[in-house]
Amino acid sequence: MTVRKFGRRWMLLGGGASLLIPALPSLIRGNRTQAQGPAIPKRMVMFMTEHGGVWQQDMYPDESAASTSFSHPLHTCHRGPLTPRMEDGDRLVSEALRAPAGVLTESIASKMNLFRGLDVPFYYGHARHLLGNYGDMSNNHDEFPPDQETADQVMAHSTAVYATPPRRRLIHFGNQALSVELVDRSRGPAGGVQPTEEVSAATVFDSVYVPTPDEGMPMREPPINAIYESYARLQSGAFGAGARLGSEDRRRLTQYMDRLSDIRAALITPPIASCDDVDPIDDLPGRWDRYGSDNYQLYNDVIMAGFMCDSSRVAVIRVNDPFTEEVRAYPGGYHEVAHQAPTREDAALAERLRGMLLRSSQAFFRGAFLDLVGKLDAVLEGEGTMLDNSLVWWSPEAGCVTHNGDSIPVVAAGSAGGAITTGNYLDLRNRENNPADDGRRAEVLAHVGRRPGVCYFQWTTTYLDAFGIPRSEWQVPGRSAFSGMGPNHSWMMMQYDQAAMDASCADPLPIMT
Amino acid sequence: MRVSRWYSLVLLLACEGTISSPEWTPPEDIEFTEAEVDFECGDSFVPVDPPLRRLSRSQLLNTIEDTLRRLLGDPGPVMAELDTRLGGLPNDLRTTDENQQEGQLAFFRADQSIGNSAVEAHYRLAEEMGNALATPERLSAMGFDCLSVGATDGGCIDDFIRTLGALTHRRPVADDEFAFYRDEVYQAGDTVSVEDLRDVIAVLFAQPRFLFHVEGTGELDAYEAANRLSYHLWDSMPDEELFAAAESGAILTAEGWDAQVARVVADPRTRRSVRALLTEWFRFDQINTASSGTGADFEAIAGHLDLDEAFDLAAENELIDIFLHVLRTGGTFEDFFLTEITTTTHPVLASIYGIEPATEGETVAVPSERRGILTRVGTLLARAEVALPDINSITHPILRGVFVRRQITCDNLPPAPGGAMDNLPAVDRTMVGSREATETLTSDIGCSQCHGNINPTGYALEAFDAIGQLRSDEPLFDSEGTETARLPIDDETTIFESNDPVRGGEELGQVLFDSEKVGACFARHYVRFTTGRTERLVEDGCLLRTIDEGIDEGRPLTEVLTAVVLEPSFRVRGEN
């Protein structure tokens, strides 16, 4: 693996913020060459931002950009090449997907995909549904018990992603749980599920970065084995008092031991690739501080360290920073901006808030998404770059009407090792079905272009297929799609053929693989 | 014109709907029901304990601090050194379980999840604890000068393991456990090895007895009982006296147990548990804090006050300190709920009440309109389960009502159905006051089933503005913060299907207390706090009734709280 053009180039790739902070540190050293490993792994990173609200006309190119029709079981869909344009030194895929041309390079733009019309056809409040679990919806949808782990967890525990246990199965950043894990993997869903807790960047880095040992200095075994043994002996009753424990007590100890096993695997598994191009951290807190408020660039660097050392291959980031001062300063922050944006009574306020949402998305796109994508594209790997062998994608928590699930944007980069075609703009909406024709509520329709689309979880199938995850590892009895779609709430003003949607929900997106 | 939309969020927390939407009908399973106020204590009672509870985050932090205090005297330097790792311990989440009423949130300490992140955080913390403690200076401070590097002193190593082990096991280390640490973890024989000491320390801080409440089923043994008592009332490990009572067996006698209960409840460390209890009961974590107030309208009502984080904390501490004052002075639950005093030493908080601040440890009488905890800033600030807009000049009658009906009277307020976010009637908040706006927004027939019970309790508190200042009229503002109107306050309402008028927070508190719902509700909260799980009306009936009766009969709060630990069931662990 070759790291190319680090240093200044890396800094410039860091997005608008890093252009202003030339001293922004990176954990990754430049101009070093690593040995090429025998097999090139695929990696995935998912960003989920706040609960939607970016207007469709800002998020997506015009319909004319996707003019080639193709059939879908639900309705006719459209596609076109993702063709960015230049304006004032910026390259634009859409207004929201805009960045300086040196950041959103031609190369990166050609490796992107944009999907419009991926729907969760009901109102869900807040949820982690984008990764496939409805358990944390703030609305009461009893029809969706939180009965499964999320797709990132499926990947993190699949031998298709890790042939041997990695140092870290999953990197999870963000203080609002996004990833849902099985409590007791040996029992599957019957053991229950729980949200994954946040882990500090320092802890993640410690687990993915393995410094090259000094020659002649034997590595001391970490105390993890003894800790594991202390649980095992209590669990088995070898420590006398253990005999009084109940069977469920013992099961809890087993659950803890399972997780210790993961840590043990991480500690004793050497990285597959060399970590030589990743800066060691001698003074961790001090070094972290130097990132200032650029948390997401820090997260990206830690993810890069994990990828470069091949210590981890799956990462999810729950983003809850609005990225602009104007949104932070607005009473209620992003939440209120998103909620008030569709107001119909005050056009001037609506327009102002629409602009704030747009600039917030642009800043995230530049400062976090493209920061990582740029870093990945700067690492030569195989015949291309690390980005080519990865899939980085972003969805806000909701579509253009906050909390609503129609046309939840998916912005992706990378082909997952050629498994996913790139350079596509897919418009999966039914252009013939215009809810506005029914004289529906004006405020819901304030966003131009709202149309019913297709099942969001077709995207889930697409990327799980791209990583070679067998369906048997995620399909549950009675449901072929990754997650249920449930009844359409009529007030969302969308008209779906529920049966056809259910039937197609497990299919990968057409033309993508 | 300033049109309010924040109510849409508020509605998410209560009965909500697409108001005035022709398509929307209220779901059939959405129903407000009054909480039980009488509990049965039958023969079917059996203790139900969750399997192998882990320490809550606050318990773990307190235990680490107390362990270090016992070892080093001053835990501060090591706590500071480990700050990053301590901060990395996952927060407990409010979780639900199958026994829970819809809409009721479980306590933090009911969160028993064990995730990879938590286990990893424990491991990293333990590793760093080993690094932090296995230094010559710290070993010396612990009284183990004999462990200087390179020395040969097997007896000293033995003593170190037994000393640290007794603290991290919270009981003496059994022989088989000692042999494991001494021979298998510490592999350097009788030679002192810093690396091996680090490993021993790391293992002792990561082994199950440190991170979990390890108890056998059936009757608790002496150390298990001591631990249960101290974690219940101190949110931390036993002190030396409790350990001594366990070692002698005195704690298993009726007299010995009663004596320790009386001592522990009178100890200042009880404040930790009271904070934990009241944080859960009053949802301090969900308060929209006064210091986060923004906007020109907020400036107009609160610009003259210095509202910082110290003020936020003082608002919480007031309730905690009144509770402790009542506890220490033999007062009753009624004395707390309908309190006529404050303990606050914070000048801004006191000025809001129109009084001088109390001196440390003393109390000051409050004006009659501030009688009862419902009239205090710490309860008047709005709470929400989801992120709220930052506080502004607007009171939140619905949120205040939801808080009272869920947390103070424990009524069954189901979560809101979808749809409130769209198509709300427009309300011109430059001209329409809080109460009328709330009426307009919830007037749909589909909403009245819930909001008919929620809103009135909020209306009764309308004489207090968004940050709890008393007001006789309600100022309205435009988006620039210019006052557009000033409306008279109407805080008269009716509750509980009674036509008797209730006016103001003081009367509301009295009516609620007289309904016996408040005491019954507190009993539920306290059982949740005690057991770390949702209460069960049948299995916990005796416990609930004991607490509830104690309140209804006006027994001292100390007796009410200690009645739980004096129940024989407190020292028995159910089978699992």
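Order of the sequence lines sets the chain letters (A, B, ...), proteins ahead of strands, with each chain counted from 1.
By the 4.5 Å heavy-atom criterion applied to side chains, B:Y123 and A:R264 are not counted as neighbours. Between B:S117 and A:T196, some side-chain heavy-atom pair lies under the 4.5 Å cut-off. Between B:T217 and A:L245, every side-chain heavy-atom pair lies at or beyond the 4.5 Å cut-off.
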For side chain to side chain contact (heavy atoms under 4.5 Å, CB included), just list the numbers for A:R244 and B:D221, CA-CA rounded to whole Å, side-chain angles, deciding distance to a tenth of an Å, and then say yes or no. CA-CA 11 Å; A:R244 292 177 57 233; B:D221 70 21; 3.8 Å; yes
Output, in order, the C-alpha distance, side-chain angles, deciding distance and verdict of side chain to side chain contact (heavy atoms under 4.5 Å, CB included) for B:N116 and A:R169. CA-CA 10 Å; B:N116 279 315; A:R169 291 189 180 277; over 6 Å; no
Trace of the side chain to side chain contact (heavy atoms under 4.5 Å, CB included) decision for A:V183 with B:I114: CA-CA 7 Å; A:V183 172; B:I114 303 170; over 6 Å; no
Using side-chain hydrogen bond (donor to acceptor under 3.5 Å, both in side chains), reason through B:R124 and A:S207 one step at a time and then give a plain yes or no. CA-CA 10 Å; B:R124 298 288 175 191; A:S207 69; 5.0 Å; no
Residues B:N576, A:D249; criterion side chain to side chain contact (heavy atoms under 4.5 Å, CB included); working and verdict: CA-CA 7 Å; B:N576 69 57; A:D249 297 331; 3.0 Å; yes
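Heavy-atom pairs under 4.5 Å with chain B were tallied for A:R251, A:E181, A:Q255; the largest tally goes to A:E181. Heavy-atom pairs under 4.5 Å with chain A were tallied for B:P51, B:P50, B:A126, B:G87; the largest tally goes to B:P51. The greatest number of non-hydrogen atom pairs below 4.5 Å with chain A, out of B:R53, B:E127, B:R198, B:E184, is found for B:E184.
For B:L204, no part sits under 4.5 Å from any heavy atom of chain A, backbone or side chain. Contacts between B:E128 and chain A at a heavy-atom distance below 4.5 Å are absent for every atom of the residue. When heavy atoms are compared at a cutoff of 4.5 Å, B:A174 does not approach chain A at all. For B:A121, no part sits under 4.5 Å from any heavy atom of chain A, backbone or side chain. Interface residue B:R54: backbone and side-chain heavy atoms are both found under 4.5 Å from chain A. The contact between B:D196 and chain A is made by backbone and side chain atoms together, counting heavy-atom distances below 4.5 Å. Using a 4.5 Å cut-off between heavy atoms, A:I224 touches chain B through backbone and side chain atoms alike. Both the backbone and the side chain of B:E195 come within less than 4.5 Å of a heavy atom in chain A.
Using modelled atom types and a 3.5 Å distance limit, the side chains of A:S230 and B:R209 yield no donor-acceptor pair.
The two residues B:A206 and A:I227 make their nearest non-hydrogen contact at CB-CD1, 3.5 Å. Shortest non-hydrogen contact noted between A:A226 and B:V185 is CB-CG2, 3.8 Å. Across every non-hydrogen atom of A:A238 and B:D176, the tightest pair is O-OD2, 3.2 Å.
From A:L253, atom CG reaches atom CZ of B:F212 across 6.5 Å, with rounding to the nearest 0.5 Å. Note: A:F239 CZ to B:D175 CG = 11.5 Å, rounded to the nearest 0.5 Å. The line from OH of A:Y256 to CG of B:L211 is 4.5 Å long, rounded to the nearest 0.5 Å. With values rounded to the nearest 0.5 angstrom, A:E221 atom CD is found 8.0 Å from B:Q187 atom CD.
Among residues two or more places apart in sequence or in another chain, the salt bridge (charged side-chain N to carboxylate O under 4.0 Å, His left out) test is passed with A:D258 by none.
Between B:E120 and A:R168 there is a salt bridge, since a side-chain N of the basic residue sits under 4.0 Å from a carboxylate O of the acidic one.
Checking side-chain atoms of A:R252 against main-chain N and O of B:Q112 turns up a donor-acceptor pair under 3.5 Å.
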